[in-house]
Visitor: 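One structure, as structure tokens, below. Some questions next.
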2 protein chains.
Amino acid sequence: MAGLRESILRTSLELFEQKGFHGVTVNQIVAASNTSKGGFYHHFQSKDELLFVIHDTFITYVLKEANAANEIHKSPIKKIQSIIKAFVKVFDLYKPHISVFYQESNYLKPEYEEQIKRKRDAFKQMVFQVIEEGQETGDFRKELPMEITGMAILGMVNWIYKWYTPEGKYTIDEIADVYVDIILHAILTTNVVSEENFQSHMLERPFFTEKK
Amino acid sequence: MAGLRESILRTSLELFEQKGFHGVTVNQIVAASNTSKGGFYHHFQSKDELLFVIHDTFITYVLKEANAANEIHKSPIKKIQSIIKAFVKVFDLYKPHISVFYQESNYLKPEYEEQIKRKRDAFKQMVFQVIEEGQETGDFRKELPMEITGMAILGMVNWIYKWYTPEGKYTIDEIADVYVDIILHAILTTNVVSEENFQSHMLERPFFTEKK
DNA sequence: CATTACAGACCAACCAGTCGGTCTCTAAAG
DNA sequence: CTTTAGAGACCGACTGGTTGGTCTGTAATG
């Protein structure tokens with residue numbers, strides 16, 4: 001038998017994703033995890049703490065990945081490319097977490113909310129930062145307001161949780177490629193991501209273009 | 001005194017936006033609306049019906065606007081432009097509705113959910129349709145998978161409810177302009193939305209570009 | 001034998017929804 | 001003009017079921 005704590009986390013995650021945090025009772029969680037109230041409250045202080053743990057594992061992971069992507073590269077183009085790819089791929093791993101995260105974040109108790117908010121803001125600031133850098137180096141179009149552009153990108157990616165399923169028509173890598181392409185087309189000053197630009201910007205070729 | 005029904009709708013909307021559907025009790029709604037349980041249940045069958053009404057007024061409006069935008073124009077470029085603009089502007093009018101809509105749509109009772117889903121799908125299909133048209137006419141890049149592109153656009157716009165506030169740095173019209181610009185840059189085959197293209201595609205000039 | 005891990009009966013609070021009743025306004029009857 | 005009848009709007013005490021959380025007991029562990 002695996003650790004009970006992990007088992008509770010897994011099953012509750014499934015339940016929350018299907019029915020929402022308020023649509024699932026502690027008794028249901030306990031039944032689905034083959035344990036008892038005692039078992040549950042031995043590992044978690046409250047139902048709210050459970051919600052927090054789910055939020056936290058996801059956001060911590062995203063922030064870590066983004067930081068890594070950000071540090072590896074120095075060109076803003078490679079940076080944003082790499083962050084977006086990492087970000088999109090997270091949805092393959094953590095889709096249930098993210099669904100719960102965005103649908104129930106209102107209901108976090110203040111003490112938990114603050115911690116989550118800090119990490120989320122850190123991530124957002126990082127994206128903003130990269131956009132600003134790109135505008136300064138001249139790689140990104142200066143006429144686009146940085147905040148709006150940043151939120152557009154974040155929204156586009158975040159929304160994936162509403163529709164992505166591993167059984168869908170496209171793999172997560174294909175989706176990531178398309179998103180990178182869309183965003184780069186939108187913000188690069190070099191308007192054509194043409195054959196030459198694959199070299200010049202060291203862009204990876206997305207799956208949906210053919211080498212001629 | 002305005003109608004009690006409207007008054008309940010307005011106050012409950014505010015409360016739901018702040019605390020979420022499950023964070024607000026009928027008694028709180030009743031107190032904030034200066035009425036009583038009796039008053040409430042005279043106008044609404046249940047708390048769930050209230051949620052449905054909120055969802056429905058918003059989605060009905062969006063669908064109507066988008067249909068109008070879609071019918072006025074015949075060029076796919078103008079169509080998508082017009083739909084996006086209308087869509088973005090909705091957030092100025094209905095932000096509380098939309099917040100509740102996206103955070104609590106899990107909790108709609110099946111009989112209500114179906115109605116909402118139908119309208120939402122109709123809207124989505126319309127966006128997909130326009131993208132397909134644009135690809136057929138050669139205005140939009142054929143290499144972009146239609147579904148992914150469509151969801152990217154919808155996500156980008158929908159996410160606005162998370163951050164937009166009328167008191168913010170940019171007006172809703174400015175945001176709409178930037179979004180249209182970003183999307184057109186991303187999907188138009190004509191890669192440069194340059195001076196000539198303003199004429200050729202009859203694009204309106206967004207607020208952040210200067211005539212030279 | 002002591003600490004940790006879990007079981008499950010139990011409880012107090014809460015909350016959507018009900019129900020009998022009041023008040024007001026209109027309109028027909030006398 | 002007055003009285004009566006009825007309908008719609010609204011009130012608020014009450015309830016029945018539900019839910020998160022507690023507490024005492026017990027088995028395993030080391």
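When reading the values below, keep in mind they use all heavy atoms of this one structure, side chains included, and skip hydrogens, waters and symmetry mates. Naming: A, B, ... by sequence-line order, numbering from 1 per chain.
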Visitor: Output the rounded distance in Å from CD (Gln28(A)) to C1' (dT19(D)).
Guide: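 Going from Gln28(A) (CD) to dT19(D) (C1'), I get 11 Å.
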Visitor: Anything under 3.5 Å between a protein N or O and an N or O of nucleotides 16-18 of chain D, put it in a table, one pair a line.
Guide:
none

Visitor: Could you run down the sub-3.5 Å N/O contacts of the protein with nucleotides 25-30 of chain D?
Guide:
none

Visitor: Taking ring pair (Phe, Tyr, Trp, His ring centres under 6.0 Å) as the cut-off, I'd like each qualifying pair that reaches into residues 141-162 of chain A, sequence neighbours left out, listed once.
Guide: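 Checked against ring pair (Phe, Tyr, Trp, His ring centres under 6.0 Å) - neighbours excluded - the pairs reaching residues 141-162 of chain A are Tyr102(A)-Tyr161(A), Trp159(A)-Tyr102(B).
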Visitor: Applying salt bridge (charged side-chain N to carboxylate O under 4.0 Å, His left out), can you list everything that pairs with Glu133(B), at least two apart in sequence or on another chain?
Guide: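 For Glu133(B), the residues satisfying salt bridge (charged side-chain N to carboxylate O under 4.0 Å, His left out) (neighbours in sequence not counted) are Lys79(B).
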Visitor: Reading DNA chain C 5' to 3', which nucleotide is the first, and which the last, to come under 4.0 Å of any heavy atom in chain A?
Guide: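 Contact boundaries, 5' end first: dA5(C) to dA9(C).
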Visitor: Pair up each side-chain donor or acceptor in residues 90-100 of chain B with any protein partner under 3.5 Å, not counting sequence neighbours, and list the distances.
Guide:
residue	atom	partner	partner atom	Å
Asp92(B)	OD1	Tyr164(B)	OH	2.5
Lys95(B)	NZ	Tyr164(B)	O	2.8
Ser99(B)	OG	Lys95(B)	O	3.1

Visitor: Which atom pairs, one a donor and one an acceptor, fall under 3.5 Å between side chains of residues 19-34 of chain B and the rest of the protein, sequence neighbours left out?
Guide:
residue	atom	partner	partner atom	Å
Thr25(B)	OG1	Asn27(B)	N	3.4
Thr25(B)	OG1	Gln28(B)	N	3.1
Gln28(B)	OE1	Thr25(B)	N	2.8
Ser33(B)	OG	Thr11(B)	OG1	2.7
Ser33(B)	OG	Ile29(B)	O	2.7

Visitor: Going by the rule salt bridge (charged side-chain N to carboxylate O under 4.0 Å, His left out), which residues pair with Lys117(A) if we only count those two or more places apart in sequence or in a different chain?
Guide: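 With sequence neighbours excluded, Lys117(A) shows a salt bridge (charged side-chain N to carboxylate O under 4.0 Å, His left out) to Asp121(A), given in chain and number order.
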Visitor: Checking Glu65(A) now: which residues fulfil salt bridge (charged side-chain N to carboxylate O under 4.0 Å, His left out) with it, not counting sequence neighbours?
Guide: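 Checked Glu65(A) against salt bridge (charged side-chain N to carboxylate O under 4.0 Å, His left out); zero matches.
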Visitor: Check salt bridge (charged side-chain N to carboxylate O under 4.0 Å, His left out) between Lys119(A) and all other residues, then give those that pass, not counting sequence neighbours.
Guide: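 With sequence neighbours excluded, Lys119(A) shows a salt bridge (charged side-chain N to carboxylate O under 4.0 Å, His left out) to Asp56(A), given in chain and number order.
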Visitor: When you measure from every atom of DNA chain D, which of residues 29-43 of chain A have a heavy atom less than 4.0 Å away?
Guide: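 Within residues 29-43 of chain A, the residues near DNA chain D are Lys37(A), Tyr41(A).
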Visitor: Sorted by first residue and then second, give each ring pair (Phe, Tyr, Trp, His ring centres under 6.0 Å) pair with at least one member in residues 112-148 of chain B; sequence neighbours left out.
Guide: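 As it turns out, the ring pair (Phe, Tyr, Trp, His ring centres under 6.0 Å) pairs with a partner in residues 112-148 of chain B, which skip direct neighbours, are Phe52(B)-Tyr112(B), Phe87(B)-Phe123(B).
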